[in-house]
Engineer: 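Before I ask anything, here is the structure I am working with.
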Amino acid sequence: MSYVDEVYERVVAQNPGESEFHQAVKEVLDSLKLVIDANEEKYRKMALLERLTEPERVISFRVPWVDDNGQVQVNKGYRVQFNSAIGPYKGGLRLHPSVNQGILKFLGFEQVFKNSLTGLPIGGGKGGCNFDPKGKSDREVMAFCQSFMTELYKYIGADQDVPAGDIGVGGREIGFMYGQYKRLTGLYEGVLTGKGLTYGGSLARTQATGYGLVYIVDEMLKKNGKELSGKTVVISGSGNVAIYAAEKAQQLGAKVVALSDSNGYVYDKDGIKLDIVKDIKEVRRGRIKEYADQVPGAVYTEGKGIWTISCDIALPCATQNELNLDDAKILKANGCFAVAEGANMPSTREATDFFLENHMLFMPGKAANAGGVATSALEMTQNSQRLSWSFEEVDNKLHDIMVNIFAKADDAAKRYGVPGNYVAGANIAGFEKVVDAMMAQGIV
Ligand code: NDP
């Protein structure tokens, strides 16, 4: 049995029931096979893949808090500190009822390669809790965040582990958590990113993942003889990533015709009006359905099905495994030629294989959505310097980072004889730096 298959079997056996983690490990190891086979003896002796697929540490803890009726609620919180070979752990916190250890291990594992690809000195981690912020009062969210941080603060720090936002964690939640960290430790340090601008946040961090996604799509299209301007774009989700991907796509001359949330999707043939979406989602915390109530001609459809809308470019920006093989086939049949993942692993393995086999332009999440974490790392730099840069300065750096990530993925794919396969290219490029650092640091 090959080393890759052996390690994959071991991961499945040792992490029962963690299907998303198995899926992420398989996708990465399969695409690294060329590199690993070429170095098999060395890597085997050093148990490199066994170390790479085992988190350095998984912390899980109780999160008790009191709801508005005086009832005590208990949630399950986690921090997965996956790999610190190239820098302090860095990765978001997710608050969603679906959160479990397997999902956070998949996200932490992917984060290791993504963070490496940015070229910045950040290791990989992820955390979160099965708490659902939806429908909770601000006081309940604060009570939860304070309790969550009361346990988490023991394991994080500006030079140790720097969490950020993810699904369900925006400016409000980061603010409550930061306040509690400061109160517990007495430290005013860059321990979280995605902070508000009045207390150490970076300009352009809010926009970074969505803008970065569109910057890399633009670069991928240009390098393949196409252009973004004039194209029709469908984006799933209507959260942080989706909204700012839509904003940048529109700024670059594309027409965004659909957005969704976990209840359904809206189609606006005239192009989505983002000021209305921002008011619904960012101000009123409402549902995407309300868009169709407000905009004449827009149509709301309950349930999944956003990928049946015909488009040139699809940007899945909601959650993992939201785009399956059937969706991929429908997209292609309707003329879609490029897909880039704003979310983490939104395409199933079968859908990803379909895109690659059919020579569609496909940019995987760990490259396409790396702009968020890259800008978080820029926030860390500003915090360390006790400085803040202008929006343009951060945005220009983000743009350069995304262009560079494309170049690295493109180059690695070419070097290993799979030109245009940015899945392999991104995994290989991210892997090379981490492995080099791990080898240099000995058996730890
Ligand atoms: P938000 O919470 O702001 O938005 C998430 C969006 O996805 C919402 O519209 C939500 O709908 C929808 N969604 C969430 N879960 C599901 C589900 N199970 N089925 C269908 N729709 C769902 O999160 P973000 O925009 O921050 O994150 C979106 C994705 O991007 C995630 O995969 C995240 O890991 C990834 N990402 C985010 C980064 C960031 O900087 N924010 C950085 C890199 C990756 P509803 O409101 O109904 O729940």
Side-chain angles (χ1 to χ4, degrees), residues 167 207 209-211 213-214 217-218 221 226 228-282 284-344 346-348 351 354-355 360-363 365 368-369:
I167 290 177
Q207 294 81 355
T209 308
Y211 277 23
L213 169 66
V214 175
V217 167
D218 189 42
L221 296 187
K226 300 183 190 308
L228 184 57
S229 177
K231 299 295 181 295
T232 301
V233 181
V234 165
I235 303 179
S236 64
S238 48
N240 172 264
V241 181
I243 287 175
Y244 291 97
E247 183 165 284
K248 184 51 71 178
Q250 289 179 346
Q251 285 172 7
L252 297 184
K255 187 187 203 183
V256 178
V257 293
L259 286 175
S260 66
D261 62 20
S262 49
N263 295 108
Y265 61 95
V266 283
Y267 172 66
D268 184 345
K269 63 175 179 1
D270 299 324
I272 294 280
K273 283 134 203 89
L274 269 184
D275 50 339
I276 294 179
V277 176
K278 284 185 186 176
D279 181 55
I280 295 170
K281 288 287 172 183
E282 295 183 339
R284 292 191 279 121
R285 297 181 189 272
R287 311 304 302 158
I288 201 66
K289 182 178 193 294
E290 295 162 38
Y291 181 90
D293 300 336
Q294 280 179 248
V295 179
V299 181
Y300 174 74
T301 309
E302 192 79 16
K304 294 180 191 251
I306 189 168
W307 308 120
T308 59
I309 298 170
S310 137
C311 63
D312 301 306
I313 298 165
L315 304 178
C317 294
T319 194
Q320 63 272 3
N321 292 326
E322 54 160 312
L323 194 166
N324 63 25
L325 179 59
D326 290 339
D327 299 322
K329 287 180 178 168
I330 294 172
L331 280 171
K332 169 139 178 62
N334 285 339
C336 173
F337 64 85
V339 179
E341 299 182 324
N344 285 310
S347 315
T348 62
F354 178 87
F355 294 139
M360 292 168 72
L361 298 175
F362 178 71
M363 189 56 71
N369 67 36

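What you are looking at is a predicted structure, and each value in this text was computed from that prediction instead of being measured. Numbers for residues simply follow the sequence, beginning at 1.
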Engineer: I need the minimum non-hydrogen distance between Val214 and Ala245, along with the two atoms involved.
Structural biologist: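 Minimum heavy-atom separation between Val214 and Ala245: CG2-O, 3.3 Å.
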Engineer: Is the side chain of Glu282 donor-acceptor paired with the backbone N or O of Asp279 at a distance under 3.5 Å, no angle test?
Structural biologist: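 Pair absent, no side-chain N/O of Glu282 close to backbone of Asp279.
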Engineer: Could you go through the side-chain contact (heavy atoms from CB on, under 4.5 Å) check for Leu315 and Val234 one step at a time?
Structural biologist: CA-CA 6 Å; Leu315 304 178; Val234 165; over 6 Å; no
Engineer: Do the non-hydrogen side-chain atoms of Asn369 and Val241 ever get within less than 4.5 Å of each other?
Structural biologist: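 Not touching, per the 4.5 Å side-chain cut-off.
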Engineer: By side chain to side chain contact (heavy atoms under 4.5 Å, CB included), which residues pair with Lys231, not counting sequence neighbours?
Structural biologist: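 Per chain and number, Lys231 pairs via side chain to side chain contact (heavy atoms under 4.5 Å, CB included) with Glu227, Asp312, Ile313, Phe337.
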Engineer: Check the pair Ile309 / Tyr265 against side-chain contact (heavy atoms from CB on, under 4.5 Å), numbers first and verdict last.
Structural biologist: CA-CA 10 Å; Ile309 298 170; Tyr265 61 95; 3.7 Å; yes
Engineer: Of the non-hydrogen atoms in Leu221 and Ala338, which two are nearest, and what is the gap between them?
Structural biologist: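 Residues Leu221 and Ala338, closest heavy atoms: CD2-CB, 4.1 Å.
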Engineer: Mind listing the closest non-hydrogen atom pair of Ala328 and Phe354 along with its distance?
Structural biologist: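 Answer, listing the atom of Ala328 first, then Phe354: O-CE2, 3.5 Å.
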Engineer: Any side-chain heavy atom of Thr348 within less than 4.5 Å of one from Leu323?
Structural biologist: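 Contact flag for Thr348/Leu323 side chains = no.
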Engineer: Can you check whether Tyr267 reaches Ile306 side chain to side chain, under 4.5 Å on heavy atoms?
Structural biologist: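 SC-SC contact between Tyr267 and Ile306 ruled out.
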Engineer: Using a 3.5 Å cut-off and no angle test, enumerate the donor-acceptor pairs between side-chain atoms of residues 247-254 and protein atoms at least two apart in sequence or in another chain.
Structural biologist:
from, atom 1, to, atom 2, distance (Å)
Glu247, OE1, Lys278, NZ, 2.5
Glu247, OE2, Tyr211, OH, 2.6
Lys248, NZ, Tyr215, OH, 3.3
Lys248, NZ, Gln251, OE1, 2.7
Gln250, NE2, Ile272, O, 2.8

Engineer: Show the numbers, then the answer: is there a side-chain contact (heavy atoms from CB on, under 4.5 Å) between Val295 and Ile276?
Structural biologist: CA-CA 9 Å; Val295 179; Ile276 294 179; 3.6 Å; yes
Engineer: According to side chain to side chain contact (heavy atoms under 4.5 Å, CB included), who are the partners of Ala314, at least two apart in sequence or on a separate chain?
Structural biologist: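 If we apply the side chain to side chain contact (heavy atoms under 4.5 Å, CB included) test to Ala314, skipping adjacent residues, the hits are Trp307, Cys311, Leu331, Cys336, Val339.
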Engineer: State, with a plain yes or no, whether a side-chain heavy atom of Lys273 is found less than 4.5 Å away from one of Gln294.
Structural biologist: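 No, their side chains stay 4.5 Å or more apart.
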Engineer: Let me confirm one number: the CG-CD1 distance from Leu325 to Ile330, rounded to the nearest 0.5 Å.
Structural biologist: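 Here the rounded value is 10.0 Å.
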Engineer: With sequence neighbours excluded, tell me which residues meet side chain to side chain contact (heavy atoms under 4.5 Å, CB included) with Tyr300.
Structural biologist: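 Partners of Tyr300 under the side chain to side chain contact (heavy atoms under 4.5 Å, CB included) test: Asn263, Val266, Ile288, Lys289, Ala292, Glu302.
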Engineer: Restricting to pairs with a member in residues 323-341, which pass side chain to side chain donor-acceptor pair (under 3.5 Å), not counting sequence neighbours?
Structural biologist: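 Of all non-adjacent pairs touching residues 323-341, those that pass side chain to side chain donor-acceptor pair (under 3.5 Å) are Glu341-Ser347.
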Engineer: Residues in ring pair (Phe, Tyr, Trp, His ring centres under 6.0 Å) with Phe355, at least two apart?
Structural biologist: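 For Phe355 the ring pair (Phe, Tyr, Trp, His ring centres under 6.0 Å) partners, ignoring immediate neighbours, are Phe362.
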Engineer: So which atom in Ala340 and which in Val217 form the shortest heavy-atom distance, rounded to 0.1 Å?
Structural biologist: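 Answer, listing the atom of Ala340 first, then Val217: CB-CG2, 3.4 Å.
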Engineer: Would you name the heavy atoms of Cys317 and Glu322 that are closest together and state the gap between them?
Structural biologist: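 Looking at all heavy atoms of both residues, the shortest contact is N-OE2, 3.6 Å.
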Engineer: Quick one: do Ser236 and Leu259 satisfy side-chain contact (heavy atoms from CB on, under 4.5 Å)? Show the steps, please.
Structural biologist: CA-CA 5 Å; Ser236 64; Leu259 286 175; over 6 Å; no
Engineer: Out of the candidates Lys304, Lys281, Arg285, only one should pair with Asp261 under the salt bridge (charged side-chain N to carboxylate O under 4.0 Å, His left out) rule; please name it.
Structural biologist: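 Of Lys304, Lys281, Arg285, salt bridge (charged side-chain N to carboxylate O under 4.0 Å, His left out) with Asp261 is met by Lys281 alone.
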Engineer: Can you tell me how far the CG atom of Leu228 sits from the NZ atom of Lys226, to the nearest 0.5 Å?
Structural biologist: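 Separation between the atoms: 13.0 Å.
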